[in-house]
Student: 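First the structure, which I've put down as structure tokens, then a few questions once you've had a look.
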Amino acid sequence: MPLIEVRGLKRIYRMGEETVTALAGVSLDIEEGEFVAVMGPSGSGKSTFMNLIGCLDKANGGSYRLAGEEISAMSPDQLAGVRSRRIGFVFQQFNLLERTNAVGNVALPMIYASSDRAERRRKAEAALTRVGLGDRMGHTPLQLSGGQQQRVAIARALVNNPKILLADEPTGALDSRTSLDIMALFQQLNREGMTVLVVTHEQDVAEFARRVVRFRDGKVISDKTQKPKDAVAILAALSREQDGVAA
Amino acid sequence: MRLTDSLGSAFEALRAHKLRSVLTMLGIVIGVAAVIATVSIGGGAREDVVGRIKSLGANLIIVLPGNITSGGVRLGTGQSATLNDDDARAIEKEIAAVQVAAPTVRGGAQVVFGGTNWGTSVFGVENNFFEAREWDVSSGRLFNGEENQRGGQVALLGLTVKNQLFGEDDPIGQTIRVKNVPFEVIGVMARKGQSAQGQDQDDSVFLPLQSARQRVIGASRAKTRTVGSMLIKVREGEDMAEAEAEIKSLLRQRHRLREGDDDDFTLRNLTDILSTVEASARVLSIGLSAVAAVSLLVGGIGIMNIMLVSVTERTREIGVRMAVGARPRDVMGQFLIEATTLALIGGVAGILLGGALSQLVSHLAGWPLYVDVSAIVMAVVVSGLIGILSGFYPAWRASRLDPVEALRSA
């Protein structure tokens, strides 16, 4: 059974007299443990697809099963429950609470999943350590660099042990070196078994995925597997190069 | 989402906009402070008046001679001479509800001791006057049996008179002159304070009734044995109105008044004054409560307004919270608790401000500080309700946001 099973998924927006078809019947399976890049120009429907997969939005037609559960017929409360248990979001703008420190931000999803305070703290600290921020627990977002903020956001996405990590242009606000760091982290998490779905319009980013799905006009126009680049190896080469320049 | 978490994020959000939170609370603060202060000041003023009246004796009836149809109080200087000692004796003897009926004459006189003198009220009384007023000597003694019944040249001084004539010295055994008649001081009365009419009750000299009538206040009264007024104390637990009716009919009978004749005396009951004061205090507090209610309403509208602004400003935060698993009701709860916290903090601040205000006023006016616990509880409950009511619509709007739209907002 695939982790994500989408059949004829449709999303139509009504804007006054006009209707806009954002998604015109998409069918797709994603297995557990895959690393998928979703690509396409703006208006291609990739963001709409992402919102539907993330249970933030509801489709007008077709079916969507996540880990065997039919999502299309769920109430807002049930959708919130699925988001809480199954899905971790990473956004382009990080979307951290500015006045809350790293641990507090990472613990946020758990206050909606009712675990006790001590356990929340323990899990949040474990998640921060996992993304390499064990020494930045008490820092607020303003005291962290962009790359570190995105790591906090990734820790927040991981903290409830979701089935799938959904990243919407995760490197869009970062420089290329930091982007590499983040992609290396995604690859590492994927090697540890996490299913990763990255929405991007950058070819550079898509090259780190094992599978690339391209959207255009609300439809899937191509779906290919590839041999991904290794972000860790590129980072190592980069630092050797810099050492060379320095020497 | 648990309550402690909601409270935590509510305080965080309020701290993030300190000035705005404080300004928003102001309506509630002023409203609650107004309620607390008016209840407390009104209560203090009433207790003060009630205390003064009670110091005179709540179960007292004053009988004055003459026919007074208007409500004016004519204590003391009875203009006609229709009451006498025997009326008092008869009332005390024949009406079971009456504990004491004390005949009294009163006049003004210059009291002289050595080189000093002092103008004061001179009362001619029997010992039962002190029983009715629940008043005792602080030093010395009351009249003895002989003095009480037939008179004697002895005097009891009110504290003010004693201080004016003797200062710190002991007056007992000294001789004072009242209208050139010598009287030996046998006692000093305990402090009684101001009367309900604001008179200093300690500015008095008490002489035996017979002596005062014969030698000081007017020889005309001596023959007829008439008195200026009678102070009647009704026994504890007896009905005042019933006692009054009995006194009235007994006096009419004794004075041989026919049916249809007007009374030749007037009864004054101090509880009448008391209830008048209480009624006017009630009207005052109703008026002030209305003002406070308007202020609280405005405060509630202020909270609603600022919560709507807050929901708009934090749309993206709401989106993030929804994305990580907040249900609509979690979002609603968060904003409701925020509004309620705002109102409750305002309410508590209002209680403190109102308390300080009433303490200041009671200090300046010399009233007892009156703390009404029920008003404080009400203030907390009402401000909590205002928070919930004014927060409801903004919170509902927040909970209905579409997560996709919310995340997309700036």
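Lettering follows sequence order; numbering is per chain, from 1. Here the structure is a predicted model, which means the values were calculated and not measured.
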Student: State the CG-OG distance between L407(B) and S47(A), to the nearest 0.5 angstrom.
Tutor: 11.5 Å

Student: Under 6.0 Å from the OH atom of Y370(B), do we count more than 12 heavy atoms belonging to anything else shown?
Tutor: yes

Student: Less than 4.5 Å apart, side chain to side chain, heavy atoms only: is that true for M110(A) and D5(B)?
Tutor: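 Not touching, per the 4.5 Å side-chain cut-off.
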
Student: In terms of heavy-atom pairs under 4.5 Å with chain A, which of R15(B), E405(B), E317(B), E12(B) leads?
Tutor: E12(B)

Student: Among I87(A), V82(A), L79(A), T100(A), which residue forms the greatest number of heavy-atom pairs with chain B at distances under 4.5 Å?
Tutor: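 The option with the most such pairs is T100(A).
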
Student: Give a yes or no on this: more than 12 heavy atoms of other residues, nucleotides or ligands lie within 6.0 Å of atom CD of E192(A).
Tutor: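 More than 12 heavy atoms, drawn from other residues, nucleotides or ligands, come within 6.0 Å of this atom.
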
Student: Decide if atom CZ of R121(A) counts as having more than 12 heavy atoms of other residues, nucleotides or ligands within a radius under 6.0 Å.
Tutor: no

Student: Taking atom NZ as the centre, does K219(A) end up with more than 12 heavy-atom neighbours from other residues, nucleotides or ligands that are less than 6.0 angstrom away?
Tutor: no

Student: Is atom CZ of R20(B) surrounded by more than 12 heavy atoms (other residues, nucleotides or ligands) closer than 6.0 Å?
Tutor: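 For R20(B), atom CZ is crowded (more than 12 foreign heavy atoms under 6.0 Å).
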
Student: Determine whether L97(A) and R321(B) satisfy the following criterion, side-chain contact (heavy atoms from CB on, under 4.5 Å), listing intermediate values before the conclusion.
Tutor: CA-CA 10 Å; L97(A) 303 183; R321(B) 286 176 181 273; 3.7 Å; yes

Student: Using a cut-off of 6.0 Å, state whether more than 12 heavy atoms not belonging to Q188(A) lie near its atom CD.
Tutor: yes

Student: Under 4.5 Å heavy-atom distance to chain B, tell me which part of D116(A) shows up: side chain, backbone, both or neither.
Tutor: both

Student: Measuring only between side-chain heavy atoms, which start at C-beta, is T4(B) closer than 4.5 Å to R117(A)?
Tutor: yes

Student: What distance separates D402(B) CG from L56(A) CG, expressed to the nearest 0.5 Å?
Tutor: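 Here the interatomic distance stands at 8.5 Å.
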
Student: Should the heavy atoms of other residues, nucleotides or ligands under 6.0 Å from CE of M378(B) be counted, would the total exceed 12?
Tutor: no

Student: Look only at the side chain of R83(A) and the backbone of M322(B), and say whether a donor-acceptor pair between them is shorter than 3.5 Å.
Tutor: yes

Student: Of all heavy-atom pairs between Y112(A) and G325(B), which one has the smallest distance, and what is that distance?
Tutor: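 Scanning both residues completely, I find the closest heavy atoms to be CB-O, 3.6 Å.
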
Student: Can you say whether R86(A) sits under 4.5 Å from chain B via the side chain, the backbone, both, or neither, judging by heavy atoms?
Tutor: neither

Student: Quick one: are P328(B) and D77(A) in side-chain contact, heavy atoms under 4.5 Å?
Tutor: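 The answer is yes, as the side chains (C-beta and beyond) meet within the 4.5 Å cut-off.
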
Student: Do F89(A) and V324(B) have side chains that get closer than 4.5 Å, going by heavy atoms?
Tutor: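 In short, these two side chains do not touch, never coming nearer than 4.5 Å.
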
Student: Counting only non-hydrogen atoms closer than 4.5 Å, does R85(A) touch chain B with its backbone (N, CA, C, O), its side chain (CB onward), both, or neither?
Tutor: neither

Student: Tell me whether R7(A) at atom CZ has more than 12 heavy atoms from other residues, nucleotides or ligands lying less than 6.0 Å away.
Tutor: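 Counting other residues, nucleotides and ligands, CZ of R7(A) exceeds 12 neighbours.
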
Student: Contact part of N51(A) toward chain B, heavy-atom cut-off under 4.5 Å: side chain, backbone, both or neither?
Tutor: side chain

